[in-house]
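Taking it in order: structure first as structure tokens, then the write-up.
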Number of protein chains: 2
Amino acid sequence: MSTFKPLDPLLHSQLRLAVMSLLIGLDEAEFTFLKEKTESTAGNLSVQLDKLEKAGYIKIEKSFRDKRPLTTCSITSLGVKAFEDYVENLKNYIS
Amino acid sequence: MSTFKPLDPLLHSQLRLAVMSLLIGLDEAEFTFLKEKTESTAGNLSVQLDKLEKAGYIKIEKSFRDKRPLTTCSITSLGVKAFEDYVENLKNYIS
DNA sequence: TAAATAGGTTTATTTTATAAACTACTTTAC
DNA sequence: GTAAAGTAGTTTATAAAATAAACCTATTTA
């Protein structure tokens with residue numbers, strides 16, 4: 001019953017989990033928005049977004065707005081699945 | 001509302017969380033029991049139990065049974081509180 | 001045109017998690 | 001009785017992660 005399934009290390013990280021939590025409820029989100037909501041530093045966020053993208057959990061699109069760089073993120077279906085699995089597994093630990 | 005409260009780093013670790021999860025439902029638990037249930041190595045478990053003890057989240061008692069060393073762990077009230085807080089904070093991330 | 005700001009990335013440092021090696025003692029097999 | 005294997009861990013070393021600091025490029029403001 002309450003066996004401890006391994007927790008996806010990519011999601012078992014405060015910042016990456018917060019990012020995924022935000023993205024799962026949104027169509028897309030900008031870098032600065034994620035930075036503000038998670039209260040993270042740009043450097044840390046940049047690194048963690050990279051990891052999520054490399055895992056295929058999010059998609060990152062780079063463009064320009066008003067001549068400035070704009071990074072927009074969105075969750076992928078793989079990311080949604082991973083997040084849901086993570087939450088499901090986590091329940092064994094906290095209930 | 002859904003602001004991301006920091007997650008106690010001492011509990012945001014798969015093995016330590018599993019240990020706390022087990023201990024919160026038990027009066028006490030032996031080292032070998034925790035090792036089996038969490039499927040961890042003795043070395044890793046030993047290190048993580050130390051950290052939980054140093055944080056005051058668990059109490060570790062050492063004795064002998066049948067001439068062999070016996071390590072018994074139990075959760076403290078501080079540990080219960082920390083676990084409950086952790087779970088409460090975590091909900092912001094996963095719901 | 002110099003300084004400040006925006007929007008990041010890269011590199012370096014610190015912290016963690018984990019595994020490997022070791023210790024100390026006990027039991028079993030020869 | 002002694003060598004080998006097993007029990008119950010601890011300590012040390014290594015790998016991986018999180019985080020912070022420094023940096024970069026371009027833009028805006030003074």
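Protein chains get the first letters and strands the later ones, always in sequence-line order, with residue 1 at the start of each.
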So that I can tick it off, tell me whether E39(A) and K37(A) are bridged by a salt bridge, with the cut-off set at under 4.0 angstrom between side-chain N and carboxylate O. no
Figure out the CZ/P separation between F33(B) and dG9(D), and round it to whole Å. 14 Å
I need the CD1-C1' distance between I60(B) and dG9(D), as an integer number of Å. 12 Å
Could you state the CD-C1' distance from E36(B) to dA8(D), rounded to the nearest angstrom? 12 Å
So, with a heavy-atom separation below 4.0 Å from DNA chain C, the residues of residues 6-19 of chain A are none
Return the orientation label for the Y93(B) and F4(B) ring planes: parallel under 30°, perpendicular over 60°, tilted otherwise. tilted
Given E30(B), which of R68(B), K62(B), R65(B) fulfils the salt bridge (charged side-chain N to carboxylate O under 4.0 Å, His left out) condition? R65(B)
How long is the line joining CD of Q48(B) and P of dT18(C), in whole Å? 7 Å
Any S46(B) side-chain heavy atom under 4.5 Å of F31(B) side chain: yes
Under 3.5 Å: donor-acceptor pair, side chain of S74(A), backbone of E28(A): no
Just jot down the side-chain contact (heavy atoms from CB on, under 4.5 Å) partners of K51(A), sequence neighbours excluded, or say none. L10(A), R16(A), V47(A), Q48(A)
Beyond-backbone contact of F83(B) with L17(B), side-chain heavy atoms, under 4.5 angstrom: yes
Residue-phosphate contact under 4.0 Å: K51(B) side-chain N/O, dA17(C) OP1/OP2: yes
Any side-chain heavy atom of C73(B) within less than 4.5 Å of one from L49(B)? yes
Send over the distance from L49(B) CG to dT11(D) P, rounded to a whole Å. 13 Å
Per-nucleotide protein contact along nucleotides 6-15 of chain C, 5' to 3', at a 4.0 Å heavy-atom cut-off (B base, S sugar-phosphate only, - neither), is SSBBB-----
